[in-house]
Enquirer: 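Next up is a structure, given as structure tokens.
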Amino acid sequence: MHAGLKITAFAAALAATFGTAYGVGQGMGPVVDDEPPARHDAHTGGGSGESEHPGAPGRSGHSGREGHSGHETSPAGGLQISENGYTLDLRTPRLVAGRTADLRFAIRGDDGRAVTAFRREHDKELHLIVASRDLNTYRHLHPARAADGTWSIPVSLPRAGGYRVFADFTPEKKGAENLTLGADLAVSGTYAPQPVPAPDTTATTDGYEVKLGGALRPGAAHALKLTVSRGGRPVTDLQPYLGAYGHLVALRSGDLAYLHVHPNGEPGDGTTAAGPAISFTATAPSSGTYRLFLDFKHDGKVHTAAFTVSARGAVAAPMDEAPHASSGAHGH
Ligand SMILES: [Cu+2]
């Protein structure tokens, strides 16, 4: 059946591309592809034993693919409800628009039992994203886990329609990989389908203005810079939120493929400023329209700015390495 083949090919592409969403990118703006890129040295020696480079993996310059095969990539990107023996069991697959209700779920292993041991990543055992299919509504939540492995959190979704729930977690088990499992959620009410918001490089949220610089390109790592201001003044005292000054999630319009992008640099590393700019490196798995959601914390509150971006280019183009990714510092 075709689906299996497609998912495999897609997973391979994701494994090859999402792995580059790290590193330190000083370069901003559309980056020239033929600029000699730095190697991710920390990822070419030791670590993962796999090698997808039949040629010369250690050579500097272009390699055909970013062969980052570390455990931290999550190839499925939320497109599957079950992967690597783990299943997202969404106990509340239906909600009513505008009404607060507990969203409950469990992560089940192969034996059907709810998983109760998770590795903390970005300060949490599990990150829950809820997004409407039209990408107009987004929530980044941190539910509470009961001792029996049931997770729950009150949620209120403003509009009826189809939603996707993503659980981003790593089981506390030797060799377990970070996974993002996705499940459908139906929200009843009067359904008025909305278009995905038009592409824009400026977003406003709670009185903040966030500007998006850089580019999202299919199959190539590019820097994204988000700059936060309020009342025309740059915000230079962003607060660490889950171990970073910003968290960026990208969802692909059409199927809600999930990219968790990590910031370049961490609070307290001596080089990362507390704003106004937050820098990320990201790779789009394909051309298409993506919605980016940035969470940042200021004055004790978490704010979310959203952007629609268009990633264009040849999908099958050779994948260039992240420019300036000289430090192997990895966000995970
Ligand atoms: Cu989170």
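Atoms within each ligand, like the ligands themselves, are counted from 1 in listed order.
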Enquirer: So do the side chains of P143 and L103 get within less than 4.5 Å of each other, counting heavy atoms only?
Expert: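 When only atoms from C-beta onward are counted, L103 and P143 do not touch, as no gap falls below 4.5 Å.
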
Enquirer: Only one of T272, N264, T227 passes side chain to side chain donor-acceptor pair (under 3.5 Å) with S279; say which it is.
Expert: N264

Enquirer: Is any protein N, O or S atom closer than 2.8 Å to the Cu ion (ligand 1), and if so, which?
Expert: H127 ND1, H140 NE2, H142 NE2

Enquirer: Counting neighbours of CZ on R94 that are heavy atoms of other residues, nucleotides or ligands and sit closer than 6.0 Å, is the number greater than 12?
Expert: no

Enquirer: Given L226, which partner from the list V210, T201, L292 fulfils the side chain to side chain contact (heavy atoms under 4.5 Å, CB included) test?
Expert: V210

Enquirer: Applying side-chain contact (heavy atoms from CB on, under 4.5 Å), name anything that partners D299, two or more places apart in sequence or on another chain.
Expert: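 Listed in chain order: Y208, R230.
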
Enquirer: Are more than 12 heavy atoms, taken from residues, nucleotides or ligands other than R104, located less than 6.0 Å from that residue's CZ atom?
Expert: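 For R104, atom CZ is not crowded (no more than 12 foreign heavy atoms under 6.0 Å).
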
